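So the structure is just underneath, and the comments pick up after that.
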Amino acid sequence: MRTQRNLLPLLLLLSAALLAVADAQERKNYVVHLEPRDDDGGGGSVEEWHRSFLPEATLDSAADDGPRIIHSYSHVLTGFAASLTDAEAQTLRRKEGCLRLYPEEFLPLATTHSPGFLGLHMGKHGFWGRSGFGRGVVIGLLDTGILPTHPSFGDAGMPPPPKKWKGACQFRSVARGGCSNKVIGARAFGSAAINDTAPPVDDAGHGTHTASTAAGNFVQNAGVRGNAHGRASGMAPHAHLAIYKVCTRSRCSILDIVAGLDAAVRDGVDVLSFSIGATDGAQFNYDLIAIATFKAMERGIFVSAAAGNDGPAAGSITNGAPWMLTVAAGTTDRAIRTTVRLGNGQEFHGESLFQPRNNTAGRPLPLVFPEARDCSALVEAEVRGKVVLCESRSISEHVEQGQTVAAYGGAGMVLMNKAAEGYTTFADAHVLAASHVSHAAGSRIAAYARSAPRPTASIAFRGTVMGSSPAPSVAFFSSRGPNRASPGILKPDITGPGMNILAAWAPSEMHPEFADDVSLPFFVESGTSMSTPHLSGIAAVIKSLHPSWSPAAVKSAIMTSSDAADHAGVPIKDEQYRRASFYSMGAGYVNPSRAVDPGLVYDLGAGDYVAYLCGLGIGDGGVKEITGRRVACGGKRLKAITEAELNYPSLVVKLLSRPVTVRRTVTNVGKASSVYRAVVDMPSRAVSVVVRPPTLRFDRVNEKRSFTVTVRWSGPPAAGGVEGNLKWVSRDHVVRSPIVIPPAKAAA
């Protein structure tokens, strides 16, 4: 009996400990969004104010279980990130001043020749020469960190950081590649920091690649495994870089992303490059990226964001808020070519980064197309010593498919696209002789493999080939519009180079086949992750040349100067080699040489976006969550506008039975004395577009002129929708805006 009494306190303590452990295990991470303080910080520090929202039990347990507040936000969001139990979260939701709790979610990474392809030139009259290579502009990158010792981040020719710069550098050792006049700031956040003292070194390769694409300095004799050889540089080679490591090798916590955005705005970046996906279709007041970047836009910061890699499905676009530039991915005219030759003499071009001198499939070998079309189940006796035809699985599994073929003794692999992937082919780092071919080519190879009595194939390596055609085209994976959160705003906005892009690289477990090769300083990657920093760098160059321009003016310059035709002068194509729609490529393919001198711009300020948000029907509360302002959307001082009425550089007109008239205002940023006339290019005779006035005359720089566009059906409505262009044409400029009439169901 005495023994049982002695054990009772111990059992109670053990029970309490187990309950505490269970409670800790039930905690979840949240972003807590608060109403802004009215006392301008007079009520104590931000951190103290944030702690006042936590239940007392949470404060008491913090010392035992680690810090419960993970991040405090004050620049792009009023609030904090904290670890809470379900009960604590419910208590906090009921507290006055708490707007919303957002559970932690993990977002994916939207993972040399492109400057030449885009027409960037060194001469004093070229794009770079006129702009000083982006000198003086700070580009903030949210990614997996950076390898600061890479030659792309040398600071030769770089000016010191601008006086406004307030950022910090966590690279403590200059010998390890500390901060410099190129990399002027570097920080790591949360789970991406590994520990409190670890610097933001890139352990994935992705961040190094995107940073050098945006603003890598000039590096001679760049290439990878003998391919894509030439001089490498980013779009803005003399812009400064500020690095915010918010991602691990495979994912990015929304808690850390908001912390990185908050720090970037506080530090004083001019451009934000965001090669991370977001929740597609989320209403903007439920989208923390949209909320945080609204505040960045208010501070005059240009935001370039990845459209996502979930194409070609309609409505798959991410990062679709109109205050961001949403970037799609396209091809260039460079191919790292392979050629598949069949026993019947047919030849088909493909691509592969791995092109060894010892080519095991360089002579005709038996060709086999396994029953498991994707080569997920192979029999060694059927594939050993043969060339194996495999149907593509996901993009990330291409190299793995080759590894499987090699493991079963295959001598080579022909990787064929699925039908939806069309003609988009990747230069992957395969482990055996391989060729990635289009669906059309793969189908013909498959037909031969099934019909010939003794089919054979060989793979020849052709190296780097310039001038491949058609170019550019839209990559199949690039996410498509319409933007489900706001279908009346055309998204994506623009297309940039995103296929087989050569840029700086850090040894990484993301590519284990090369992870031990520290002598490999460059690598080829594809994705909207790659197209986004191209546009970030181009925006930096524009900002360097036009420092007073708003983010909307920079975006307008990029969109209205873009190309709708490819290098052969025909309309840009999608992955099926059909005419690309504006929902796949945005306004067009970026043309930076024209973007620095667009003639006219469609400008917008924060107040315009507030009126637009009111028109979305998310209520006063929803608008306040995004803007941090108390608004009355139905009041006399604030008139809600429709999506079509936002002064955007593109027009989406939901046309039913009655005509629709929208108003636009342009600002003259070209010659003081200029005359522009309206030219409408609408291929469908079923639609009538009238622009009034048809001529705009300007007498001074920064003068504004307004016009209306009236759209009506002039014949039976086109069920599939209609696309065209409005061009303002002067002696020196063509300012082009897409016009999209959605399909009848979408318009209804």
Side-chain angles (χ1 to χ4, degrees), residues 76 272 283-285 287 289-305 319-326 483 485-491 493-494 539 543 546 548-560 586-587 598 600-620 622-654 660-669 696 702-709 726 728 735 737-740:
V76 298
L272 274 168
Q283 193 170 291
F284 293 143
N285 58 313
D287 182 347
I289 306 303
I291 294 170
T293 54
F294 184 92
K295 286 297 183 183
M297 174 274 301
E298 276 194 307
R299 301 286 187 93
I301 299 170
F302 183 90
V303 181
S304 174
N319 295 315
W323 45 88
M324 294 188 270
L325 182 77
T326 308
N483 176 14
S486 183
I489 299 294
L490 179 64
K491 290 287 178 172
D493 292 305
I494 197 74
K543 288 280 285 185
H546 305 287
S548 64
W549 283 12
S550 69
V554 175
K555 175 196 279 192
S556 175
I558 290 170
M559 292 174 63
T560 60
L600 305 174
V601 294
Y602 295 80
D603 208 356
L604 287 163
D608 301 301
Y609 292 117
V610 173
Y612 152 82
L613 289 169
C614 282
L616 287 183
I618 59 177
D620 294 357
V623 177
K624 181 171 73 172
E625 287 179 89
I626 298 167
T627 65
R629 308 179 185 185
R630 291 183 174 89
V631 299
C633 288
K636 294 181 180 179
R637 296 184 179 180
L638 180 58
K639 179 186 176 184
I641 63 173
T642 65
E643 295 162 298
E645 291 174 308
L646 185 68
N647 198 44
Y648 213 67
S650 55
L651 295 86
V652 177
V653 181
K654 299 177 182 179
V660 174
T661 299
V662 296
R663 180 185 177 90
R664 287 288 188 271
T665 299
V666 289
T667 303
N668 179 28
V669 294
L696 299 178
N702 293 324
E703 186 177 6
K704 297 180 184 292
R705 287 281 184 262
S706 296
F707 61 92
T708 61
V709 180
L726 165 62
W728 286 106
V735 185
S737 291
I739 300 175
V740 176

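The structure displayed is predicted, hence computed values, not measured ones.
For R664 (side chain) and L646 (main-chain N/O), a donor-acceptor pair under 3.5 Å exists by modelled atom type.
Taking the six-membered ring where the residue is Trp, W549 and H546 present parallel rings, their angle staying beneath 30° rather than reaching 60°.
Smallest separation of non-hydrogen atoms from I626 and F294: O-CD2, 3.8 Å. Residue L490 comes nearest to G586 through the heavy atom pair CD2-C, 4.4 Å, listed as atom of the first residue, atom of the second, then distance. Across all non-hydrogen atoms, the minimal contact from L272 to A296 is CD1-CB, 4.0 Å. Here the closest non-hydrogen pair linking G320 and F284 is O-CZ, 3.9 Å. Between P322 and I489 the shortest heavy-atom distance is CB-CG2, 4.3 Å. Across every non-hydrogen atom of A553 and D603, the tightest pair is N-OD1, 3.7 Å.
Atom CG in D493 sits 6.5 Å away from atom OG in S650 (nearest 0.5 Å). In this structure, CG on L616 lies 10.0 Å from OG1 on T642, to the nearest 0.5 angstrom.
One side chain, Y648 or K555, offers a donor N or O that lies under 3.5 Å from an acceptor on the other.
Ion pairing of R629 with E298 is present here, as a side-chain N (NZ or NE/NH1/NH2) and a carboxylate O approach within less than 4.0 Å.
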